[in-house]
Visitor: 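Let me begin by handing over the structure; questions about it come next.
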Amino acid sequence: MARLARTAGLTDVQQEILSTVRDFVDKEIIPVATELEHRDEYPQQIVDGLKELGLFGLMIPEEYGGLGESLLTYALCVEEIARGWMSVSGIINTHFIVAYMLKQHGTQEQKDHYLPRMAAGDVRGAFSMSEPALGSDVSAITSKAVRDGDEYVLNGQKMWLTNGGTSSLVAVLVRSDEAHSPEEAAAKPHKSMTTFLIEKEPGFGEVRPGLTIPGKIDKMGYKGVDTTELIMDGLRLPAGQVLGGVTGRGFYQMMDGVEVGRVNVAARGCGVAQRAFELGVQYAQQRHTFGKPIAQHQAIQFKLAEMATKVEAAHAMMVNAARKKDSGERNDLEAGMAKYLASEYCKEVVEDSFRIHGGYGFSKEYEIERLYREAPMLLIGEGTAEIQKMIIGRRLLEEYRFQG
């Protein structure tokens, strides 16, 4: 874009990476995104292009074959990719959450085994917390791992896995109460959860003994990328597949990864909103009513002004949250604020662009129709607006505790 959503203080390397990604989006994603989305077709050629660019190793340390870049660089790349097609940004998001969790919490053996292949894009990641009977209440997870000698036996059903079919490594959060009494497990359910690393074959059906990926969930939007269930029925895993090698830490490992995911969702919201603004401001200068372009009508100018301001504000908050995480500081407050604001503003900017398009916005021939179906996913992905406000409110009370 000409002026909006610029980021101050970037290095030459960061600017070069973003310029390369922006060119790739303009040439390889935008021209085909709507057609692929309407067919609900996995963008294999686009994914192969991202692999060649090294994007799957963007945040993985150089010692494991990655580029060793910051969360900020990654978030800005996601913003550019989502501007082209949000589904593509989802493909790399879950991959990077798993890679980040391995980098931060994995044993050295786990890092050596997985990160080089993840950096090359040969191993694709997915992660799973949600289940059919629970929404935001992670403490209500019922999937369970039971120790059996040197192995664990996993049973349960998981829901809403992005990359569930195409991934080859899934980080799954389940209960593992062997180290706790029933009373302690009931009183502190978060301390009775463990993250397991499940290797599997890409595809659908029984992808390894005891593990089934039934098929793609048919969605209103966010098409192309596969969203699936995951069913564990007597799935046996070696004890070495416990992330970090110690049970009972899974909830905290997952929440650390989700903070990265919330910055990613904020970046996606920024990218989709940018594209909606671009489409709206272009159409407003091409469409004529009452003898002049509709961009010259004050009502449309007001909409464009509000849209651009929201794009700029969301981008600034997303950048702030990413930089806070990169600094090593706690960023759940900033990530929650950024995710909440960016997803809400994205919905509003997309709707205003839709209104500017008038009746044509309802036609599948126009790109804004696709964005109108994609934006709602951001309102619920990586935690609903209500969950973000709970996180924000609790953190504010910690920061501004009344001393009386």
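All residue numbers in this chain count up from 1 along the given sequence.
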Visitor: Is it the case that the side chains of T34 and R370 hold a donor-acceptor pair, with the cut-off being a distance below 3.5 Å and no angle test?
Guide: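 R370 vs T34: donor-acceptor pair found between side chains.
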Visitor: Rounded to the nearest 0.5 Å, how far apart are NZ of K216 and OG1 of T227?
Guide: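 Answer for the NZ-OG1 pair, K216 versus T227, is 8.5 Å.
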Visitor: Locate the shortest heavy-atom distance separating V242 from T247; write the atom from each residue and the value.
Guide: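 Of all heavy-atom pairs spanning V242 and T247, the closest is CG1-N, 4.1 Å.
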Visitor: Measure across P214 and I231 and return the closest heavy-atom pair with its distance rounded to 0.1 Å.
Guide: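 Distance-wise, the nearest heavy atoms are CG-CD1, 3.8 Å.
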Visitor: Quick check on Y252: does its OH atom have over 12 non-hydrogen neighbours (other residues, nucleotides or ligands) under 6.0 Å away?
Guide: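 It does: Y252 OH has more than 12 such atoms within range.
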Visitor: Quick one: closest heavy-atom pair of G106 and L243, and the distance?
Guide: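 Nearest pair, atom of G106 first, then L243: CA-CD1, 3.8 Å.
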Visitor: Side chains of E365 and S363: do they bring a donor and an acceptor to under 3.5 Å?
Guide: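 Looking only at side-chain atoms, S363 and E365 do not form any donor-acceptor pair under 3.5 Å.
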Visitor: What is the distance from atom CG of L10 to atom CG of L76, rounded to the nearest 0.5 Å?
Guide: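 If I round to the nearest 0.5 Å, the distance is 6.0 Å.
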Visitor: Do K223 side-chain atoms and K219 backbone N/O form a donor-acceptor pair below 3.5 Å?
Guide: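 Between the backbone of K219 and the side chain of K223 there is a qualifying donor-acceptor contact (under 3.5 Å).
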Visitor: Salt bridge (Lys or Arg N to Asp or Glu O under 4.0 Å), that's the test. Do E369 and R373 meet it? Break it down for me.
Guide: CA-CA 7 Å; E369 181 271 342; R373 288 183 291 103; 2.7 Å; yes
Visitor: Evaluate side chain to side chain contact (heavy atoms under 4.5 Å, CB included) for Y100 paired with D256, printing each intermediate quantity in order.
Guide: CA-CA 9 Å; Y100 174 83; D256 191 20; 3.1 Å; yes
Visitor: If you compare all heavy atoms of D352 against all heavy atoms of K303, which two are closest, and at what distance to 0.1 Å?
Guide: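 D352 and K303 have their closest heavy atoms at OD1-NZ, 3.5 Å.
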Visitor: Yes or no on salt bridge (Lys or Arg N to Asp or Glu O under 4.0 Å) for E344 and K339, after CA distance, side-chain angles and deciding distance?
Guide: CA-CA 8 Å; E344 295 290 338; K339 191 275 174 186; over 6 Å; no
Visitor: Measure from the side-chain N and O atoms of Q388 to the backbone N and O of E382, and report whether any donor-acceptor pair falls under 3.5 Å.
Guide: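 Pair found, side chain donor or acceptor close to backbone of E382.
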Visitor: Kindly confirm or rule out a cation-pi arrangement of R124 over F56, judged by NZ or CZ under 6.0 Å from the six-membered ring centre and within 45° of its axis?
Guide: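 Judged by the rule, R124 and F56 form a cation-pi pair.
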Visitor: Does R355, at its CZ atom, have more than 12 non-hydrogen atoms belonging to other residues, nucleotides or ligands within less than 6.0 Å?
Guide: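 At most 12 heavy atoms, drawn from other residues, nucleotides or ligands, come within 6.0 Å of this atom.
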Visitor: Taking 4.0 angstrom as the limit, do K310 and E306 come out as a salt bridge?
Guide: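 Salt bridge flag = no for E306 with K310.
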Visitor: Run the side chain to side chain contact (heavy atoms under 4.5 Å, CB included) check on N93 and R268 step by step: do they pass?
Guide: CA-CA 10 Å; N93 177 42; R268 284 196 247 180; 2.9 Å; yes
Visitor: Using a strict threshold of under 4.0 Å (side-chain N to carboxylate O), is an ion pair present between D122 and K51?
Guide: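 Yes, charged N to carboxylate O under 4.0 Å.
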Visitor: Does the side chain of Q274 reach to within under 4.5 Å of the side chain of E79, using non-hydrogen atoms?
Guide: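 Counting from C-beta outward, Q274 and E79 do come under 4.5 Å.
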Visitor: Does a side chain donor of either T142 or E131 reach within less than 3.5 Å of an acceptor in the other side chain?
Guide: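 Per modelled atom types, T142 and E131 side chains form a pair under 3.5 Å.
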Visitor: So, do Y74 and N264 sit near enough that their side-chain heavy atoms are less than 4.5 Å apart?
Guide: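 The answer is yes; the side chains approach within 4.5 Å.
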Visitor: Under a 3.5 Å cutoff, is there a donor and acceptor pairing between the side chains of E229 and W160?
Guide: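 There is no such pair between these side chains.
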Visitor: Would you find more than 12 non-hydrogen atoms of other residues, nucleotides or ligands less than 6.0 Å from Q45 atom CD?
Guide: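 For Q45, atom CD is not crowded (no more than 12 foreign heavy atoms under 6.0 Å).
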Visitor: Sort out for me which residue in Y372, Y360, F354 forms a ring-ring contact (aromatic ring centres under 6.0 Å, His included) with Y366.
Guide: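 Testing Y366 for a ring-ring contact (aromatic ring centres under 6.0 Å, His included) against Y372, Y360, F354 leaves exactly one candidate, Y360.
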Visitor: So, T73 versus Q14: side-chain donor-acceptor pair below 3.5 Å or not?
Guide: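 Yes - a donor-acceptor pair under 3.5 Å links their side chains.
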Visitor: Could you report the tightest heavy-atom contact between T195 and M101, atom names first, then the distance?
Guide: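 It is CG2-CE, 4.0 Å.
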Visitor: Using 4.0 Å as the upper bound for N to carboxylate O, is an ion pair formed by E278 and R83?
Guide: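 Salt bridge: yes.
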Visitor: Of all the heavy-atom pairs spanning V263 and A335, show the shortest one and how long it is.
Guide: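 Minimum heavy-atom contact is CG2-CB, 4.1 Å.
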Visitor: Applying salt bridge (Lys or Arg N to Asp or Glu O under 4.0 Å), run through K325 and E334 and close with a yes or a no.
Guide: CA-CA 9 Å; K325 187 76 169 177; E334 290 77 10; over 6 Å; no
Visitor: Take Y114 and E199, measure what side-chain hydrogen bond (donor to acceptor under 3.5 Å, both in side chains) needs, and give me the verdict at the end.
Guide: CA-CA 10 Å; Y114 289 116; E199 291 190 57; 2.7 Å; yes
Visitor: Quick one: which of E109, K111, R117 gives a side-chain hydrogen bond (donor to acceptor under 3.5 Å, both in side chains) with H113?
Guide: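 Running side-chain hydrogen bond (donor to acceptor under 3.5 Å, both in side chains) over E109, K111, R117 with H113 returns exactly one hit, R117.
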Visitor: In terms of side-chain geometry, is the basic nitrogen of E398 or R330 positioned less than 4.0 Å from the acidic oxygen of its partner?
Guide: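 R330 and E398: salt-bridged.
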Visitor: How about E41: does its CD atom have over 12 heavy atoms from other parts shown lying under 6.0 Å from it?
Guide: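 Above 12, so yes.
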